[in-house]
Amino acid sequence: TDFNRAVKQKSATATQLLMESNGASAARLPFDEEIVDHLSRAYGANATRVAEIARANSGASRLIAALPYVWAEVDYALENEMVVTLADFLARRTHILNEDRDHGIEIAPQVAARLAQKLNWDATRVQQELRAYQDQIELAK
C-alpha cells in the first residue's frame with residue numbers, strides 16, 4: 001500500500017437524497033457538495049434538520065470560506081447539542097479551532113453574538129467568552 005497517495009473519490013452525497021431518521025426521504029440539501037458531504041458525515045440523518053434551520057434562518061452561508069461549516073450549525077448546536085460556550089462550539093462541535101489557520105478568531109465575535117442572543121448573555125459575558133476562547137487558542141498553538 002502506498003500511503004503517500006490518497007484515494008480521492010468524488011462524493012455522491014450532493015446527488016443523493018438523505019434519509020430522515022424515520023426512513024422517509026428528505027429533500028436535497030441546499031448546499032454545495034463539500035458542505036453536503038460535511039453535514040452528512042457530521043450529522044447523519046440530522047443533516048436535514050441543519051438544512052431546515054438554514055432555510056428558516058438564512059444560515060446556509062459558510063462560517064469561514066475555506067471550511068465547510070455553515071451558520072445553521074450554530075443554531076443546530078444550540079437546539080440539539082447543548083452548546084454553552086463559544087469554545088464549545090468552535091473547538092468541539094466544529095473543529096474550527098484546529099482546522100482554520102487563524103483558529104476562527106475572525107468569526108469568534110459573530111458566533112459569540114449569535115450564541116448571546118439565544119443564551120441571554122450580556123456584553124460582559126460575551127467578552128468573557130471571547131477571552132476564554134483566545135486562551136484556548138493560545139493552548140492550541
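In this text the structure is predicted, and so the values were computed from the model without any measurement.
For the atom pair L63 CG and D100 CG, the distance stands at 10.0 Å (nearest 0.5 Å). Note: L67 CG to I107 CD1 = 8.5 Å, rounded to the nearest 0.5 Å. Considering NZ of K118 and CD of E79, their distance stands at 8.5 Å, rounded to 0.5 Å.
Applying the ring-ring contact (aromatic ring centres under 6.0 Å, His included) test to F89 and every residue at least two apart in sequence or in another chain returns nothing. With sequence neighbours excluded, the residues forming a salt bridge (Lys or Arg N to Asp or Glu O under 4.0 Å) with D75 are R114, listed by chain and number.
Other residues, nucleotides and ligands contribute only 12 or fewer heavy atoms inside 6.0 Å of the CD atom of E106. Within 6.0 Å of the CZ atom in R92, the count of heavy atoms belonging to other residues, nucleotides or ligands exceeds 12.
By the rule that hydrophobic residues join a cluster once side-chain heavy atoms approach within less than 4.5 Å of another member, I64 and L115 end up as members of one cluster. Linking Ile, Leu, Val, Met, Phe, Trp and Tyr whenever their side-chain heavy atoms come within less than 4.5 Å puts I35 and Y76 in one cluster. At a threshold of 4.5 Å between side-chain heavy atoms, the hydrophobic network of Ile, Leu, Val, Met, Phe, Trp and Tyr places V70 and I96 in two separate groups. In the hydrophobic clustering of ILVMFWY residues, with side-chain heavy atoms under 4.5 Å counting as a link, L78 and Y133 come out together. Taking hydrophobic clusters as Ile, Leu, Val, Met, Phe, Trp and Tyr residues chained together by side-chain heavy-atom distances below 4.5 Å, I53 does not share a cluster with V74.
Summarising the geometry of V126 relative to A116, their closest heavy-atom pair is CG2-CB, 3.6 Å, with the distance given to 0.1 Å. Among all heavy-atom pairs drawn from F31 and A54, the shortest one is CZ-CB, 3.6 Å. Scanning all heavy atoms of the two residues, the minimum distance from V50 to A72 falls at O-CB, 3.6 Å. Of all heavy-atom pairs spanning L130 and A112, the tightest one is CD2-CB, 4.2 Å. When all heavy atoms of P68 and H38 are compared, the pair lying nearest together is O-CD2, 3.5 Å. Across every non-hydrogen atom of I105 and P109, the tightest pair is O-CD, 3.4 Å.
Here the side chains of H103 and Q136 are not in contact, with every heavy-atom distance at 4.5 Å or above.
None of L86, T85, L90 except one satisfies the side-chain contact (heavy atoms from CB on, under 4.5 Å) rule with D88; the exception is T85. Applying side-chain hydrogen bond (donor to acceptor under 3.5 Å, both in side chains) to Y43 and the options E73, R49, E81 leaves one that passes, E73.
Of the charged side-chain nitrogens involved, none lies within less than 4.0 Å of a carboxylate oxygen, so that R55 and E52 do not count as a salt-bridged pair. The existence of a salt bridge linking R131 and D135 is excluded, since no basic side-chain nitrogen approaches an acidic carboxylate oxygen closer than 4.0 Å.
Each side chain to side chain donor-acceptor pair (under 3.5 Å) pair with one or both residues in residues 62-72, not counting sequence neighbours, appears once here: D32-R62, E34-R62, Y69-E99.
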Go through the steps for D122 and R125 under the test side chain to side chain contact (heavy atoms under 4.5 Å, CB included), then give the verdict.
-> CA-CA 5 Å; D122 60 14; R125 175 67 188 269; 3.4 Å; yes
